[in-house]
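Convention: sequence-line order gives letters A, B, ...; per-chain numbering from 1.
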Amino acid sequence: MTRLVAQQPAPADYYERNLDAVLAFVLSKRRSFFTDSELARLDGLARAPAGARRLLARLLTRKGRVFLTRSLRYSEVADLPGAVAELADLALVSPNHAVAADRLLNLCRKSELSTMWSAALAGMASRRKGELIDALCARYSDGALRRTMASEVSWLVVTGSALIERVEALFFGVGPVYREPWTSFVLQDLSELSVVKRPVSEQSSQFEGRLELDAYLDLRRRRRWLDVAFERPKVLQQWLRDSRDPHANRSLERGRSALLYSIGQRLERAGELRLALRAYRYSDDPGARERLVRVLHRCGRLNTCERLLAHMAEHGSTLAEQQFARRFPGRHPVGNSRVTSWQLAQPTPARIETFAAQQFRVNGALAWHTENLIPRLLFGLLYWPAIFAPVPGSFVHPFQLAPLDLNWPDFYRRRETLFSDARQNAQDSGSAWLLACWHKHHGLSNAFVPWSERVYALTVELAASMPMRQMLAIADHVAHNTREARSGFPDLTVIHGPGNIEFVEVKGPGDQLQPNQRVWLRVLDASNVPHRVLRLKAMSVAKRTARTGEAANTNARSSAQHA
DNA sequence: ACCAGTCACCCATAT
DNA sequence: CATGTTGTGG
DNA sequence: ATATGGGTGACTCCACAACAT
Ligand SMILES: [Mn+2]
Ligand SMILES: [Mn+2]
């Protein structure tokens, strides 16, 4: 089979094969999420001529749902009109379909607009394309604009969006909005990684059935269209009412709480404090609870505030939430972490972590800018068998890189003996075990360990210089606090010499420790993992003026102190 | 990290 | 005409 | 002086062509 190579034409059947794989998956494993007529359409598509499947596969990788026909020239689709006709029969596309005129006009070149509406746009040649479109839409009806356009160009609209959205969600999961789901195939195929074939649950999906999936897609849509809804108070209030009650399904419940948190933030910013409080109160998001407390405090409702803080301090779902509840409205308590200050002898560098790492290297140390890679790496390598164990319901679609329940409260408990076994193995084997884990799992795609040369070099040095006790302290914190431990780890890994490792959080002038960073520093302190905070002090104005025109001096004078 | 989330930076304000 | 933005494609 | 906290924007794969400015 010919491989996919970047910048070279894909094999003729590449996109078609991808579409076929998706169809085969949903038609065999996810039938209950579709109506009979939807199943008939999917079945018809799976049996359609190659040209039709090839064209649809291409359309799905592109942005939007409306395309000019002239942009659909694909060498692997020999008979374009025939392919369009097949897809139109399945109600998946519609030629010259009536869609909003501005979307159509935007597909045309600016020069084409000027030609097609030469009279109306006379004298506007220097205006922006968007202004031309606005002018046309203001002057003519959508129908009139479409008729004029249709005399010059033809277009194709993907009308099967509802069905396609459902198929995509079941196969790819619900992905980030900035990436088209179908690029997952390309990214996998371009990398050297082998794709992991983990057993995907047969009947169990993330959702019980069609209704739950619909509810989830609806939540996603609402989050995406929040800006629009915010212009219409009635819609927003309806959304608030709809979202009042918790869901039994945890994915739905998380989506509901996230939506409420977003709504609350916007309401608060707009000064609608009463409604904002309502949104925050309905939400189960720790961030929403913090906003709730802050707004109540600002409104002078101190008793309610007190009660909430007492509850959060005891039952807060993250350590950061508990720490917040214990200090608010007071300041952060001073931590135990060692603090070192460097007086800069040059203007503050643009990338302070890179600068600090270089300084450590100048002094003979090994230094990497690693951030949250360290906890991810240690957790992923040392606890791989526990993380990827075939726990029922934890792997539900083919591109999943981590178990579905990773951030659920009982993630650890459901795998307790697996974690214990892995921990015992690590303790018995010592630091070199980390490297053994690398070789054992190398190449299998996952959410925690990037199998790059750079990370391999780091792993070698960690295995040589970091005591297993320290590795496990970090990995265990992740295992017990998966959601919270994904962020806030110090910027740099520094190995000053054999066995002399420390983690360094760099702070530029005016920057400060964030709550998630304080959580990690406390964990490192409690388990005696060497670490410190490095504050870069800005060069004084006088000095900066004096050295204008001098060559950059990268020397930094250090002065240590204890906090 | 299972689906937006992390991080540094800016700036006004509080202590 | 040079530069920036957007979309496509592997 | 330093801490706080609200807010913003870059980044998320990379190369390149077409188009807009
Ligand atoms: Mn950082
Ligand atoms: Mn930092």
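Taking side-chain N and O atoms only, A/Asn106 has no distance below 4.0 Å to OP1 or OP2 of C/dT6. Neither OP1 nor OP2 of D/dG5 sits under 4.0 Å from any side-chain N or O of A/Arg298. Between A/Asn516 and B/dT6, a side-chain N or O to OP1/OP2 separation shorter than 4.0 Å is absent.
Annotation: side chain of A/Leu378 is not in contact with side chain of A/His477 (no heavy-atom distance under 4.5 Å). Looking at heavy atoms from C-beta onward, A/Pro375 lies in side-chain contact with A/Trp520 at the 4.5 angstrom threshold. At least one side-chain heavy atom of A/Phe328 sits under 4.5 Å from a side-chain heavy atom of A/Arg294. With contacts defined as side-chain heavy-atom distances shorter than 4.5 Å, the pair A/Leu252/A/Arg256 does not qualify.
The distance between atom CZ of A/Arg331 and atom C1' of B/dT13, rounded to the nearest whole Å, is 11 Å.
How far CZ of A/Arg54 is from OG of A/Ser75: 9.0 Å, rounded to the nearest 0.5 Å.
Picking from B/dA8, B/dA1, B/dG5 the nucleotide with the shortest atom distance to the side chain of A/Arg483 gives B/dG5.
Non-hydrogen atoms lying under 4.0 Å from DNA chain C are contributed by nothing in residues 253-263 of chain A.
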Protein-nucleic acid N or O pairs under 3.5 Å, nucleotides 19-21 of chain D:
unit_1	atom_1	unit_2	atom_2	d
D/dC19	OP1	A/Arg109	NH1	2.0
D/dA20	OP1	A/Lys110	N	2.5
D/dT21	OP1	A/Lys129	N	3.1
D/dT21	OP2	A/Lys110	NZ	3.4
D/dT21	OP2	A/Lys129	N	3.2

